Amino acid sequence: MTEDGPERYDPLAIEPSIAQRWYEQRTYSLRPPAGEPNDEQDVERFYALTMFPYPSGDLHMGHAEIFTIHDALVRHLRMTGRRVLNPIGWDAFGLPAENAARNRGADPKAWTYANIEEQRSTIVRLGYSFDWETVLYTCDPSYYRWTQWLFLELYDAGLAYRREALVNWDPVDQTVLANEQVVDGRGERSGAVVQRVPRTQWFFRITDYADELLEGLDDIDWPERVKNSQRAWIGRSEGAEITFKTAGDGDQPADEILVYTTRPDTIFGATYFVFAPEHPIVTERMEGDEDYAAFLEEVSHRSEIERQSGEGGGKRGYRLPFRVVNPFTNEEIPAFAADYVLMDYGTGAIMAVPVGDQRDFEFARQQGLEIRVIIHPTGPDGELLEELDADTMTEAYTGPGVMVNSGAYDGLPWDEAKERIIADVESKGWGTERVNTRLRDWLVSRQRSWGPPIPIVHCVECGEVPVPLEQLPVELPDDLDFQVQGSPLDQHPTWKHEADCPQCGDPRATRDIDTLDTFVDSSWYFLRYLSPEAEDRAWPPDAANRWLPVDQYTGGVEHAVLHLLYSRFVVKAMRDRGHLRADEPFQALLNQGQVIMDGASMSKSKGNLVVPGEVYDTYGADTLRGTMLFASAPEDDIDWADVSPTGMYKWLSRVWRLTIAEVDGATGAGPAVSEVVATALRRATAEAIVGASQDYDARKYNTAIAKLMTLTNAVLDATRGGESGPPVREALEALLTLLAPVCPFVTDELWQRLGHEGSVHDQSWPVADTSLLVQDEVQMVVQVNGKVRGRITIATDAAQSAVEAAARANEAVAGHLEGEVLKVIVIPNKLVNFVVRD
RNA sequence: GCGAGCGUGGCGGAAACGGCAGACGCGCUGGGUUUAGGUCCCAGUGGGGUUCACACCCCGUGGGGGUUCAAGUCCCCCCGCUCGCACCA
């Protein structure tokens, strides 16, 4: 460092104290103490939400990326006059705390809050302008009391219920999981192969809202791929339920079996019948059959992975000792139990049509079953393309066609046959048209102990009884032993016995020992932010009606189905209970890209972990923020190996030097900029304001920063001889306000160095003097046959004839105009193109 | 297998509407300042050809075809990569 040169840019000297001041003074709070968000009527409100962090350690680069994008958005909106609600909190319940307790003997609460404190100080240090009055922690009784209330609301509405079902059991995390938490047959968190086991568990009836969850996607501004993921997950299909009967065989009465099919038109091709192995009709009829019991045992032990990969023999089937009657043909067809039919989709039984379904086709070939052709392929105009041959076909035919061997329906196009058959099924009382979804009810109970206890008491006399609202919260004991086998809450010596039945007072009643999934906590936190300290209600309905839906939600794409689908369900259910009016929680969604390293995700085990602290301890938070936003568009991944914090640091240093020089020059009366330079600089300033504003509106922070760099270069050019003066000052002030959302510290500091009283963040967004952008002359490109051959400078909006004449007069162009000119195209103020015969 | 998205210099990335491809930055090369290194400042930087030089010419946005006066951008086919879903009847 030079001893007596101008003061250099030293972010570490200015950032921490500003950060601390913003935090302590609650600078960005919208809320008077202990109230709801300040809510004057005549303001434009904006609810900006970013996914709250999970406190499993300090903040990582991914958090810094999301928060930086979010904060630039929020600070920009504030400067454009919006009243922005920008809350923060912690998703503080969950398994990592419990694992730390089990493995290291830590107290989960202390562990969680220590991590929160570490994350909070990093968030403050990075200058994110959250409203520190609204902080919430999902593990705090003042929060989970209302999570329990939410459960009871759903229970009261019939949307929360307990039943036995085949569920996903994670043997490592020792708990059941929701379908959404099982990826490729493995637990999303633990990576363990999940087992399908029967258990009595709590569910939310999300399937009641399947249609609305699907249709609502059309009206929200989310990335198409997230909407597609949700559409696929909901998996709506249209078809029919049709009743089949088992063939009578004397002493045993015929059973009725419902099947679901999307292709009722192919019913004449049903040559066999398949039950899910656990189907009740089968288990009842096969009771005591050791052979079948062995098959059931074998199938239940095959993991999802084996079943899907086709390893270990593909589909497993068991020929049942009875037959089933096809209602349309009265034909008796063989019946199987097979693992390719799932008990929990449709009705758990299918009519198998090998000619029209690839799975049935494969199974039929494997078992040597008949493949009956009932359709011939047709083209776009209904013309016959070929005739299928059961002996030679190698795969099922699923395209359009015309019916054959289908009784009265022969000769009909398939879609018409489908309609007629459904109509006939209904008129004969054999079944109904039916819509089905892949979506199952949401399994919410967990055999874990760092979560909200389910507010239900089990009484020998009254059954399951909800805990009365005035007794909420059902608090977790703080002396759980996490070293025990199984659920610590269950093993606690007294906790579950502390409750008497709320209905009959029976002291033998016990608490439900399961807790709610963390996704229940996070499915409504954006509502609690509206009044985190309210003790008499979860949220005020009028505040919810004013602020919801969230105007902009930012966060990772990994929540495409889980959190984002659950939150949508909760909002719709709460709307129907009269607690709010919004149909959707999040109107717009932005998925930021990942921060990776050398093409791979960062992790300690890979040894490529870069943490935010390493960067801000060297270059400061402004450099970290600027680097992330300049590296790429918000949606794109950033490879940390490709980015250069030094480049950003050098630029900010230059901005610093230029501003300090202007301050010094103004007081020291250096030379003033010339008139010509002043005009050019003012135009550069106006261009930067216009360009950067458009980029901010489109959230293209990378190009906004590029335009600010261009303005910096213009200032540099103008002040090369030590000049200063109003045009320089205006350029720098515009630069600082336009940069403020990205680099809040250095801009605030320099703003004050320029002599301003208040904060740069309280300035309104600059407006350009657009008259400066109008120029007398423009440069136009001259092309011959589409190739650039020269340029002309000509009056703005010059007449076509004048433009053409000037272009012809251009020496470089003239040499290429020897052939016959067939056509001249003039794009005003841009380009002339001569079309010449070669 | 199905669905969606993406392919632009050595690198990250720019180019509403079809109208100068490569903004801005990194890196690199050369020069200046400095005792030196770093910092800072200046110039150059898609590939090829050609010229003493100013210039000039050709090629170029994964590959091939098409529409157009004009294509990174629109249409068709192919290749590659990434991400979802995946026995859902």
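Just so we're on the same page: letters track the sequence lines, and every chain starts at 1. Keep in mind the model is a prediction, meaning the values are calculated, not measured.
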Checklist outcome for this item: Each base of RNA chain B marked ( ) or [ ] if paired in-strand (Watson-Crick or G-U under 3.5 Å), | if paired to another strand and . if unpaired gives (((((((..(((......[....)))((((((.......))))))((((......))))..(((((..]....))))))))))))....
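- Using a 4.0 Å heavy-atom criterion, one finds that Val835(A) contacts the sugar-phosphate atoms exclusively.
- Residue pairs meeting the salt bridge (charged side-chain N to carboxylate O under 4.0 Å, His left out) criterion with at least one partner in residues 820-832 of chain A, sequence neighbours excluded, are Glu820(A)-Arg837(A).
- Residues passing the side chain to side chain donor-acceptor pair (under 3.5 Å) test with Asp622(A): none are found, sequence neighbours excluded.
- Across C87(B), C26(B), C58(B), the shortest atom-to-atom separation from the side chain of Lys315(A) is found for C87(B).
- Contacts of Lys650(A) with the nucleic acid, taken as non-hydrogen atoms under 4.0 Å apart, involve only primed sugar atoms and P, OP1 or OP2.
- For Ser693(A), the side chain to side chain donor-acceptor pair (under 3.5 Å) partners at least two apart in sequence or on another chain are Trp765(A).
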Checklist outcome for this item: Reading nucleotides 11-19 of chain B from 5' to 3' and marking B where a protein heavy atom lies under 4.0 Å of the base, S where only the sugar-phosphate is that close, and - otherwise, the string is SBSSS-B-B
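- Residues satisfying the ring pair (Phe, Tyr, Trp, His ring centres under 6.0 Å) test with Tyr397(A), not counting sequence neighbours, are none.
- Every residue meeting the ring pair (Phe, Tyr, Trp, His ring centres under 6.0 Å) condition with Tyr701(A), not counting sequence neighbours, appears here in chain and number order: Tyr696(A).
- Applying the ring pair (Phe, Tyr, Trp, His ring centres under 6.0 Å) rule to Trp430(A) yields the partners Phe328(A); only residues at least two apart in sequence or on another chain are considered.
- Listed by chain and number, the residues in a side chain to side chain donor-acceptor pair (under 3.5 Å) with Tyr649(A) amount to none (sequence neighbours excluded).
- Within the nucleic acid shown, Arg440(A) comes within 4.0 Å of at least one base atom, counting heavy atoms only.
- Near-neighbour residues of RNA chain B inside residues 234-243 of chain A, defined by a heavy atom below 4.0 Å, number-ordered: Ser237(A).
- Take Tyr345(A) and apply the ring pair (Phe, Tyr, Trp, His ring centres under 6.0 Å) test, not counting sequence neighbours, and it matches no residue.
- When the side chain to side chain donor-acceptor pair (under 3.5 Å) test is applied to Glu241(A), the partners found at least two apart in sequence or on another chain are Arg434(A).
- Nucleic acid contact class of Asp344(A) (heavy atoms, under 4.0 Å, all strands): none.
- Within the nucleic acid shown, Arg654(A) comes within 4.0 Å of sugar-phosphate atoms alone, with no base atom in reach, counting heavy atoms only.
- Comparing A23(B), C42(B), G25(B) by their closest approach to the side chain of Leu716(A) singles out C42(B).
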